[in-house]
Amino acid sequence: MDKLLVRGGRRLSGELRISGAKNSALPILAATLLSAEPVTLRNVPHLHDVTTMIELLGCLGVEVIVDDEMNVEVLGGSLSGCRAPYEVVKTMRASFTVLGPLLARYGRAEVSLPGGCAIGSRPVDQHLKGLAALGANVVVDDGYVIADDGGGLKGARILMDVTTVGGTQNLMMAAALAQGTTVLENAAREPEIVDLAECLIAMGAHISGQGTDTISIEGVDELHGAQHRIMPDRVETGTYLIAVAATGGNVLIKHARPQTLDAVLIKLSEAGAVIEQGADWVSLSMSRGRPKAVDIRTAPHPGFPTDMQAQFLALNAIAEGTSRVTETIFENRFMHVPEINRLGANIALEGAKTAVIEGVAKLHGAPVMATDLRASFSLVIAGLVAEGETLIDRIYHIDRGYERIEEKLVQLGASVERIRGGRMDA
Ligand code: EPU
């Protein structure tokens with residue numbers, strides 16, 4: 001199992017190019033199942049999860065061509081299967097987004113229930129309830145969602161009880177080929193939803209209201225081939241901004257879309273960063289030695305993203321003052337707290353939802369364990385500011401969502417090294 005060795009104490013500075021967004025690329029790859037014609041995707045990040053999704057498309061009988069710049073051409077044609085097996089879905093929850101497209105195009109789907117994961121129980125009831133409202137027959141049998149289109153999906157008004165990103169995506173894709181109009185209310189407003197809608201529109205779908213909480217989808221008979229460029233990864237952008245801020249450095253980030261990151265940029269400014277931005281770039285320089293402690297409360301977009309909570313908590317760990325970080329989206333997303341405390345931070349959990357952070361002037365390197373994707377990067381940030389060496393175990397979590405992490409950090413002047421292989425931990 002690979003580990004990451006971080007030697008702390010260097011101020012990060014320089015320029016960085018942001019990759020395509022993982023959380024956009026995954027559902028958009030699933031959306032290609034809706035067309036019999038080729039769909040070409042550009043700016044696809046080279047990540048473990050993307051490879052898994054491409055493998056899943058292969059299992060369903062779709063041919064995919066990837067060039068050396070990660071332009072991905074999904075050839076379409078007819079599907080040869082409709083089963084997304086447990087072995088795939090358990091490694092990546094986003095594979096559940098093939099459910100909507102399979103039902104809409106193939107008329108039948110067998111998709112393993114994703115089950116819980118490290119950050120929470122993550123049910124899919126809203127996906128299933130919405131598909132049933134579109135006329136699908138849905139049963140859960142032996143851990144699989146088995147569904148058919150009930151003779152053809154039909155548009156409906158669906159008011160979701162919970163704002164869900166994956167649920168909104170699954171229903172938007174299913175409704176794209178349903179008969180009549182679907183209105184999704186209390187829909188997720190995340191930029192990745194907008195990116196998916198734009199790709200579907202390029203494929204011939206009739207969608208409006210994406211980016212608001214009410215999305216209308218007028219079903220069409222079929223979707224056609226298209227080209228789409230995956231949006232820049234807002235979480236990767238925010239993560240590097242926080243890492244640079246924590247080290248007191250400065251950075252110019254290119255190929256980004258800072259307007260998708262307002263809540264994080266505002267909090268970084270409150271912490272003492274000077275931020276400038278244009279349409280596709282954002283720069284940060286730290287105006288003070290130590291950041292100022294800032295309270296955070298996660299919320300669906302446009303609130304502060306849960307996917308940036310762990311990284312900001314690491315920044316608060318070395319800030320001047322006391323802060324409270326409240327997680328409202330997932331029930332178990334503080335597993336990084338005991339690990340950051342191993343480096344000398346002073347963070348206490350107040351119930352399951354709130355961390356109280358007394359900023360400390362210094363952290364000290366120590367061996368730590370990554371527990372999930374975003375939590376892993378919070379350990380990298382803590383390691384970058386700690387004195388001495390921090391060895392982060394189980395970094396396969398990081399490789400799921402951060403492209404060429406060592407290369408990008410080294411480019412900014414960090415001392416980071418991947419230690420390959422080693423004993424498999426229990
Ligand atoms: N929920 C339900 N019922 C449902 C669906 C969701 O109760 O049917 C609950 C979940 O349990 C959770 C909340 O609603 O408490 C939000 O879950 P959501 O469905 O919005 O999350 P997701 O679609 O499973 C995506 C991202 C996550 C990100 C969340 C929230 C992808 C592939 N994943 O997950 O990203 O944290 O939205 O923004 O897009 C990550 O990249 O590290 C990551 C975890």
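Values below: all heavy atoms of this structure, side chains included; hydrogens, waters and symmetry mates excluded. Order of listing sets the numbers, starting from 1, for every ligand and every atom in it. All values derive from a computational prediction rather than experimental measurement.
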*Taking only residues two or more places apart in sequence, or in another chain, which ones meet His46 in a side-chain hydrogen bond (donor to acceptor under 3.5 Å, both in side chains)?*
none

*asked:* Whether the Arg189 and Thr212 side chains hold a donor-acceptor pair (N or O, under 3.5 Å, no angle test) is what I'd like checked.
replied: no

*Are side-chain heavy atoms of Leu412 and Tyr240 found at a separation under 4.5 Å?*
yes

*Which residue and heavy atom of the protein sit nearest atom 34 (O) of ligand 1, plus the separation*: Arg122 NH2, 3.2 Å

_I'd like to check whether Asp125 has a polar contact with ligand 1, where a contact means an N/O of the residue lying under 3.5 Å from an N/O of the ligand._
yes

_Regarding ligand 1, does Ala94 bring an N or O atom to under 3.5 Å of one of the ligand's N or O atoms?_
no

_Whether Glu192 and Arg234 form a salt bridge (side-chain N of Lys/Arg under 4.0 Å from carboxylate O of Asp/Glu) is what I want to check._
yes

*Output yes when Lys292 and Glu270 qualify as a salt bridge under the 4.0 Å nitrogen-oxygen rule, no when they do not.*
no

*Salt bridge or not for Lys22 and Glu403, using N-O below 4.0 Å?*
no

*Using a distance-only test with no angle check, is there a side-chain donor-acceptor pair under 3.5 angstrom linking Asn137 and Asp148?*
yes

*Which bit of Val162 is near ligand 1, meaning a heavy atom under 4.0 Å away: side chain, backbone, both or neither?*
side chain

*Got the closest protein heavy atom to atom 43 (C) of ligand 1, with its distance?*
Asp307 OD1, 3.3 Å

*Kindly confirm or rule out an N or O of Glu190 lying under 3.5 angstrom from an N or O of ligand 1.*
no

*What distance do Gln277 atom CD and Gln259 atom CD have between them, rounded to the nearest 0.5 Å?*
7.0 Å

*Around atom 21 (O) of ligand 1, find the nearest protein heavy atom and jot down its residue, atom name and distance.*
Phe330 CZ, 4.1 Å

*ligand 1 contacted by Arg333 (non-hydrogen, < 4.0 Å)*: yes

*Report yes or no: is the cationic atom of Arg83 (NZ for Lys, CZ for Arg) under 6.0 Å from the centre of the six-membered ring of Tyr144, at an angle within 45° of the ring normal?*
yes

Without placing hydrogens or testing angles, list every side-chain donor-acceptor pair under 3.5 Å for residues 50-61, not counting sequence neighbours.
unit_1, atom_1, unit_2, atom_2, d
Thr51, OG1, Leu47, O, 3.1
Thr52, OG1, His48, O, 3.0

*Of the side chain and backbone of Arg374, name the one, both, or neither that has a heavy atom under 4.0 Å from an atom of ligand 1.*
side chain

*At the 4.0 Å heavy-atom cut-off, does Gln169 count as touching ligand 1?*
no

_Tell me the protein heavy atom at minimum distance from atom 19 (O) of ligand 1, and give that distance in Å._
Thr164 OG1, 2.7 Å

*asked:* Below the 3.5 angstrom mark, is there an N/O of Ile329, backbone or side chain, next to an N/O of ligand 1?
replied: yes

*asked:* If the contact criterion is a heavy-atom separation under 4.0 Å, does Pro123 count as touching ligand 1?
replied: yes

*Do any nitrogen or oxygen atoms of Gly166 come within less than 3.5 Å of a nitrogen or oxygen of ligand 1?*
yes

*For ligand 1, which part of Thr306 has a heavy atom less than 4.0 Å away: the side chain, the backbone, both, or neither?*
side chain

